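Remarks on the structure that follows.
Only a predicted model underlies this, so the values are computations on that prediction, with no experimental measurement involved. Computation of the quantities below employed the complete heavy-atom set of this structure, encompassing side-chain atoms and omitting hydrogens, waters and symmetry-equivalent molecules. For this chain, numbers begin at 1 and follow the sequence in order.
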Amino acid sequence: MTVREIRADELNALLELYLHLHETEIPENTEYLERTWQTITEDRNHHIFVAEENGQLVSSCVCVVIPNLTREVRPYAFIENVVTHKAYRNRGFATAVLQKAKQTAEDSNCYKMMLLTGAKDAETLRFYQKAGYNCGDKTAFIQWL
């Protein structure tokens with residue numbers, strides 16, 4: 001297994017992996033998609049970490065380091081889109097990409113990491129707790145737009 005930051009030429013592989021998250025189809029390759037991807041890959045605070053096995057992307061997570069004016073002007077990290085290909089689950093790939101995100105947050109002097117999940121099943125929640133996240137310190141509210 002190799003864990004690394006995604007390359008700019010791997011958009012299609014990532015979109016295929018997202019079919020194992022909550023997407024039902026790969027979005028149409030439009031100019032807007034290409035501009036969005038370019039914005040993401042050029043942003044030094046926006047990271048997409050991937051686990052690769054035999055040349056295939058099998059797991060990933062997004063880690064965005066957000067500048068902040070509180071907590072001694074220390075940034076915080078937000079984790080999103082944690083996904084592992086169904087055929088590769090329970091083999092440590094998601095743990096590895098989350099660990100890479102944590103290392104990046106620590107290297108960036110973040111004071112905290114936040115992760116939201118829509119999952120309700122006990123196994124997924126235990127996974128995040130085992131990875132070091134807790135659901136007792138803060139309350140999350142979401143407003144869908």
Side-chain angles (χ1 to χ4, degrees), residues 1-69 74-135 137-145:
M1 168 188 0
T2 303
V3 178
R4 59 177 173 77
E5 194 136 1
I6 198 161
R7 296 187 309 262
D9 66 345
E10 294 179 306
L11 173 59
N12 289 334
L14 181 64
L15 294 175
E16 287 180 20
L17 182 59
Y18 282 170
L19 293 174
H20 298 272
L21 184 60
H22 49 67
E23 299 301 307
T24 57
E25 61 184 34
I26 293 175
E28 183 181 343
N29 190 358
T30 63
E31 184 179 323
Y32 179 70
L33 174 67
E34 292 295 329
R35 276 196 322 267
T36 300
W37 182 239
Q38 182 177 358
T39 298
I40 289 169
T41 58
E42 291 177 355
D43 183 345
R44 67 180 184 85
N45 287 321
H46 196 139
H47 306 274
I48 300 176
F49 297 114
V50 295
E52 180 181 31
E53 175 98 331
N54 298 322
Q56 180 179 354
L57 300 188
V58 299
S59 188
S60 75
C61 77
V62 172
C63 174
V64 180
V65 175
I66 302 169
N68 181 42
L69 295 174
R74 292 176 64 195
Y76 57 93
F78 187 77
I79 307 301
E80 184 64 87
N81 295 336
V82 179
V83 61
T84 301
H85 186 292
K86 284 182 169 82
Y88 291 85
R89 291 186 180 162
N90 298 310
R91 294 177 43 194
F93 294 108
T95 299
V97 294
L98 285 175
Q99 185 56 44
K100 181 77 170 168
K102 181 178 180 183
Q103 186 61 57
T104 297
E106 290 173 341
D107 292 348
S108 299
N109 196 34
C110 291
Y111 77 94
K112 71 177 177 182
M113 296 176 67
M114 296 185 298
L115 178 149
L116 296 175
T117 182
K120 306 288 187 235
D121 62 285
E123 182 180 356
T124 301
L125 300 178
R126 274 193 305 273
F127 166 75
Y128 288 128
Q129 288 174 332
K130 186 177 177 186
Y133 297 88
N134 75 74
C135 58
D137 288 349
K138 297 236 179 194
T139 301
F141 291 88
I142 296 176
Q143 184 177 67
W144 297 103
L145 305 175

Who passes side chain to side chain contact (heavy atoms under 4.5 Å, CB included) against Thr95, sequence neighbours left out?
Phe127
Which distance, rounded to the nearest 0.5 Å, do you find between the CD1 of Ile66 and the SG of Cys110?
8.5 Å
Any Arg74 side-chain heavy atom under 4.5 Å of Lys112 side chain:
no
Qualifying residue for side-chain contact (heavy atoms from CB on, under 4.5 Å) with Phe49, from Thr104, Ile79, Val62:
Thr104
Counting only pairs under 3.5 Å, give me each side-chain donor-acceptor contact of residues 21-30, with atom names and distances, residues two or more places apart or in other chains.
from, atom 1, to, atom 2, distance (Å)
Asn29, ND2, Glu34, OE2, 3.4
Thr30, OG1, Tyr32, N, 3.4
Thr30, OG1, Leu33, N, 3.1

First locate atom SG of Cys61, then atom NE2 of His47, and finally report the distance between them rounded to the nearest 0.5 Å.
10.5 Å
Does any non-hydrogen side-chain atom of Gln56 lie less than 4.5 Å from one of Glu16?
no
Matching residue for Glu42 among Arg44, Gln38, His46 - test: side-chain hydrogen bond (donor to acceptor under 3.5 Å, both in side chains):
Gln38
Between Tyr18 and Val83, is any pair of side-chain heavy atoms under 4.5 Å apart?
yes
Provide the closest heavy-atom pair for Ala51 versus Val97 in the form atom of the first, atom of the second, distance.
N-CG1, 3.5 Å
When you compare the side chain of Thr117 with that of Leu125, does any pair of heavy atoms fall below 4.5 Å?
yes
Counterpart residues, side chain to side chain contact (heavy atoms under 4.5 Å, CB included), relative to Asn45 (two or more places apart):
Asp43, Val65, Pro67
For the residue pair Ser60 and Leu14, establish whether any side-chain heavy-atom pair is separated by less than 4.5 Å.
yes
Taking only residues two or more places apart in sequence, or in another chain, which ones meet Arg4 in a side chain to side chain contact (heavy atoms under 4.5 Å, CB included)?
Thr2, Arg7, Glu10, Val50, Glu52, Leu57
Do Tyr111 and Asn68 make a side-chain contact, defined as non-hydrogen atoms from C-beta onward lying under 4.5 Å apart?
yes
Roughly how far apart are Leu115 CG and Asn134 CG, rounded to 0.5 Å?
11.0 Å
Regarding Asp107 and Gln103, do their side chains bring together a donor and an acceptor under 3.5 Å, going by distance alone?
yes
Could you note down all residue pairs passing ring pair (Phe, Tyr, Trp, His ring centres under 6.0 Å) where residues 83-108 supplies at least one of them, sequence neighbours left out?
His20-His85, His85-Tyr88, Tyr88-Phe93
Side chains of Ile48 and Glu5: does their closest heavy-atom pair fall under 4.5 Å?
no
Are the side chains of Tyr133 and Met113 in contact, using a 4.5 Å heavy-atom criterion?
yes
Please confirm whether the backbone N or O of Leu15 pairs with a side-chain atom of Asn12, one donor and one acceptor, at under 3.5 Å?
no
What residues, two or more places apart in sequence or in another chain, satisfy side chain to side chain contact (heavy atoms under 4.5 Å, CB included) together with Phe141?
Thr139
Given Met1 and Arg91, is the side chain to side chain contact (heavy atoms under 4.5 Å, CB included) satisfied, shown in steps?
CA-CA 10 Å; Met1 168 188 0; Arg91 294 177 43 194; over 6 Å; no
Given Tyr128 and Leu98, is the side chain to side chain contact (heavy atoms under 4.5 Å, CB included) satisfied, shown in steps?
CA-CA 9 Å; Tyr128 288 128; Leu98 285 175; 4.2 Å; yes
Rounded to the nearest 0.5 Å, what separates atom SG in Cys63 from atom NZ in Lys102?
12.5 Å
Take Glu80 and Met114, measure what side chain to side chain contact (heavy atoms under 4.5 Å, CB included) needs, and give me the verdict at the end.
CA-CA 9 Å; Glu80 184 64 87; Met114 296 185 298; over 6 Å; no
Please step through side chain to side chain contact (heavy atoms under 4.5 Å, CB included) for the pair Ile142 and Leu116, ending with a clear verdict.
CA-CA 10 Å; Ile142 296 176; Leu116 296 175; 4.2 Å; yes
Does atom CG (Leu69) have a neighbourhood of more than 12 heavy atoms from anything else shown, all under 6.0 Å?
no
